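The next block holds one structure in the form of structure tokens; read it before the comments.
Note on naming: letters A, B, ... go to the chains in the order of the sequence lines (proteins, then strands), and numbering restarts at 1 for each one. Just so we're clear, the structure is a prediction, and the values are computed from it rather than from any experiment.
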Amino acid sequence: MTLTTTQSEDEWLWGWDPTPGIVSVWAETDGVATVWRRSAASGELVRESDRFRPWLLYDRLDDLEHLGARLAPEGTPGAPNAPNAHVTYRELAGPGALRYLLSANEWRTLTSALLQGASRRLGRQLGHVRDLPEETILALAPEEQYLVATGRTYFRDLTFDHLRRLQFDLETTGLDPERDRIFMVSVRDPNGVSSVLEVTGEGDAAEADLIRRLVAAVQAHDPDVIENHNLHGFDLPFLDRRARKLGVALTLGRTSARGLAQRGARRGAPSGRDDGRRVRFVAPGRELIDTLDAVRRHDFSSRDLPSYGLKAVARHFGISGPERELIPGAEIYTVYRTDPARVRRYATADVDEVAALSRMLGGAAFALARMAPRRYERLADAGAATGVIDPLLVRAYLRAGMALPAHEAGDGTVHSGAALHLFATGVAHRVVKADVASLYPSLMRAYRIGPKRDHLGALIALVDRLVETRLAAKASARAAPPGSAERYAHEAMSSAMKIVVNSAYGYLAAGGELTRFADVHAANEVTRRGRETLDLMCRALAERGVTLLEADTDGVYFAVPEEWTEANERRVVAEVGALLPPLVQLEFDGRYAAMLSHEPKNYALVEYGGTLILRGVAFRSSRAEPYGESFLRRAIRHLLAGDVIGVRDAYLETLDALRLRTLSTHDVSSRVRLTKTPAQYLAVRESRRELSYEAMLASGRTTWSVGDRVRIYRTKGGSGGVVPDPGDEHASGAGEDARAYDVEHYSRVLRDTFAARLARAFTPADFAAVFAHPDQLSLFMPSIAAIRPILTRQSPGAFGATDPAAAPLASQGREPHLP
DNA sequence: TCGTTCCGGGG
DNA sequence: GTGTACGGAACGA
């Protein structure tokens, strides 16, 4: 690789202009960009005005011929008579369709000239750039035009802690801004000091005054960034609506604009007009960051969050204090009227947690903003493929003077997916999981698989540099003191790189409508190599004497012989890893005492420490009755410990508990959601009875709302009952439990639904014996002690040493995310 | 029971 | 002038 290549690849990734400290950019179509920069040394903020030439890419020049002498190639000497009406062009190299870079002093000059010519050529009046056929033009938002053209990016020489961040959180009387009001706002200023603003009375004037005080607080603290959890989904739309209704100017930005601007966004709030469009709000000069986006993005790779709610996430990350005030949403206003101090504590905890959460997860978007030519707030909520990779590629092509290809629909080729093999079902012991981290981008690098139309080779080059940067960042993070700002920064960089690297494949597979360089053939080559790699892994493992259990996309579960130590396990993973292509690294991902393999992606694992892990719908469902779940967990523990008598006992004890009604009604109930109104149900009741509603009626509940969730159970008569909510003191009969549930029915459910999850662990005869009716106990009792759980090969010989070429019978291809 | 569509959050 | 994937839950024949 030559020095020049390396240099330009650096520029593709990072831009080239060294201007430090940019914390916000706002550009207008008149070619004026306002740039706010913060000094890393002094913390001082400066506001600068810069000029840029609005530009776009177009596939032809003849639409501008009508300009005559007012159209000129870039750099033509001799200014024309009317410089403001002067459009310049540059022809780019290479075969790409978008080969004319057009620019003018003002956006309107450029687009009106273009639309005039295109209207004449196409024979219809075009009023807006969006009316042009989309494959003929590339037009970016003004800030992005500015950043791409200048090679500037946000945050050079700054760390996350240099940012001045303010958090605020609204407390309202309800969720509907048409009807409900704001009565409190908690604010955490950039120095970390929290305060609470409250209404000083009721009615419009008091609420309007509260909003004015919030705006004044924002202006006074002058933050670079405003943050909250679900900021774009709740607080800003609510605030905007209330401010409009009350006639208050919502001047949250740094320019004199009166209200908030809007931008289209997939995950925004519905726009005021009922045209189905969704928008997010923009406050020029500040970046509006929603920690919900950071949470989603984090969970995208970690998938370990119980929910995306602020409280749950804060608890998960150990952010919330032990005394965290919690109030159910619907009760906040009621509580406020009797105990306002409690709501103040609650609201303050919210902004404190948001600040900490943002500190913890916001670094990834911060790191992306140092690379990609987009605003920080756009990179925080953008999808990685269209939101990060596309802008990087556009900037790379323009920097290289190359024409960009137009969006191109696929040729109808079906996208083929990853491999999924189920080798064995039943019980296995000494289980190991090995997998390849970032398999797809590794294959793209190893085999140089990139989009056909990427003649610059920019995507693979970016993936190479991103992976190198990520590895360096990971190493730096490990070297930095735990908890230090430096470590946070390196970890944030690493996770930002990971987001982009892992979406490089998604970019190929996304389909031509979505990404400029989409290439289904290249995507299929990646998955084909992936299947090939997985097969190679499986075959090589089988040859080394392990028993394959399940393999999926980039990882495999297998069982090792009894006498093996962990060192043996690790050695075999390393040996097999050495057979894989360079850059494809097989990792030892975990070891387990035992596994119950039920169906593809449905299994139970028990760790050596005893922790039980259940995966897949067969083992975890919120609708399952608690007694069944509890039986299943107990039975699987015994099963995986080799204790079949224990499985049998768990079954018999559960049956007894049902028969003797020692199980509460709650234990046998299941949670349902009511989707019909009382009137709707009564209308169809005679033709078709439904347990949920019969249970409501039988419990004397004749009114309910659509969407209500209740716990219901079945009674002997075929009707049912509702289990009173423990928090509902008004419910009749709360506290006493008649336990009038249908024992026969729940005994059947225990066998047919719950015990059935263990069917793979036994021969049919043994299964019948283990789960025989208690009356037949004596018949089977002697044999049960002798029963051993079994493991059944699903594909005899496949990947075995005897027949390495055979394909597994139970394998199936998947087709992920077809466009 | 199944395939298919929708949702994830905020007071 | 936008655009993730995924697992689970709700929905509709």
Pairs: protein N or O with nucleotides 1-3 of chain B N or O, under 3.5 Å:
none

Close N or O pairs between protein and nucleotides 11-13 of chain C (under 3.5 Å):
from    : atom 1 : to        : atom 2 : distance (Å)
dC11(C) : OP1    : Arg673(A) : NH1    : 2.6

Give each protein N/O atom lying under 3.5 Å from an N/O atom of nucleotides 9-11 of chain B, with the pair distance.
from    : atom 1 : to        : atom 2 : distance (Å)
dG9(B)  : OP1    : Tyr308(A) : N      : 2.7
dG10(B) : OP1    : Leu310(A) : N      : 2.7
dG10(B) : O4'    : Asn230(A) : ND2    : 2.9
dG11(B) : OP1    : Asp350(A) : OD2    : 3.4
dG11(B) : O3'    : Glu171(A) : OE1    : 2.7
dG11(B) : O3'    : Thr172(A) : N      : 3.1

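Relative orientation of the Phe317(A) and His298(A) rings is perpendicular, given thresholds of 30° and 60° on the angle between their planes. Taking the six-membered ring where tryptophan is involved, the planes of Phe238(A) and Phe234(A) are tilted, since the angle between them lies from 30° to 60°.
Between the side chain of Arg531(A) and the backbone N or O of Thr553(A), no donor-acceptor pair lies under 3.5 Å. Between the side chain of Asp589(A) and the backbone N or O of Asp435(A), no donor-acceptor pair lies under 3.5 Å. No donor-acceptor pair closer than 3.5 Å links the side chain of Arg297(A) to the backbone N or O of Ala496(A).
The line from NE2 of His128(A) to OG of Ser112(A) is 12.0 Å long, rounded to the nearest 0.5 Å. Taken to the nearest 0.5 Å, the CG atom of Leu239(A) stands 10.5 Å off from the CZ atom of Arg242(A).
Separation of the C1' atoms belonging to dA5(C) and dG8(B) is 12 Å when rounded to the nearest angstrom. If you take atom P in dG9(B) and the same atom in dG8(C), they sit 15 Å apart, rounded to whole Å.
Note on His128(A): only backbone sugar-phosphate atoms sit closer than 4.0 angstrom, heavy atoms only; bases stay farther off.
Here dA5(C) presents its C1' atom at 18 Å from OH of Tyr507(A), a figure rounded to the nearest Å. Between Leu508(A) atom CG and dT4(C) atom C1' the separation is 14 Å, expressed in whole Å. Remark: P of dA5(C) and NZ of Lys601(A) are 14 Å apart, rounded to the nearest angstrom. One can place CG of Leu379(A) at 12 Å from P of dG3(C), the figure rounded to the nearest angstrom. Spacing between atom CG of Leu614(A) and atom C1' of dG8(C) amounts to 15 Å, rounded to whole angstrom units. Here the C1' atom of nucleotide dT2(C) and the CG atom of Leu140(A) are 13 Å apart, to the nearest Å. The separation between Lys498(A) atom NZ and dA5(C) atom P is 17 Å, rounded to whole Å. Rounded to whole Å, atom C1' of dG8(C) lies 13 Å from atom CD of Glu629(A).
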Determine all donor-acceptor pairs shorter than 3.5 Å in which one atom belongs to a side chain in residues 305-315 of chain A; sequence neighbours excluded.
from      : atom 1 : to        : atom 2 : distance (Å)
Ser307(A) : OG     : Gly309(A) : N      : 2.9
Tyr308(A) : OH     : Asp299(A) : OD2    : 2.7
Lys311(A) : NZ     : Tyr346(A) : OH     : 3.1
Lys311(A) : NZ     : Asp350(A) : OD1    : 3.3
Lys311(A) : NZ     : Asp350(A) : OD2    : 3.4

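Taking every heavy atom of both residues into account, Phe754(A) and Leu632(A) meet most closely at O-CD1, 3.4 Å.
Residues Asp390(A) and Tyr507(A) bring a donor and an acceptor atom of their side chains to less than 3.5 Å of each other.
Applying the 4.0 Å criterion to OP1 and OP2 of dG3(C), one finds that Arg378(A) has a side-chain N or O inside that range.
Shown here are the side chain to side chain contact (heavy atoms under 4.5 Å, CB included) partners of Ala341(A), two or more places apart in sequence or in another chain: Asp339(A), Arg344(A), Arg345(A). For the side chain to side chain contact (heavy atoms under 4.5 Å, CB included) test, residues two or more places apart in sequence or in another chain that qualify with Arg241(A) are Pro177(A), Glu178(A), Arg244(A), Lys245(A).
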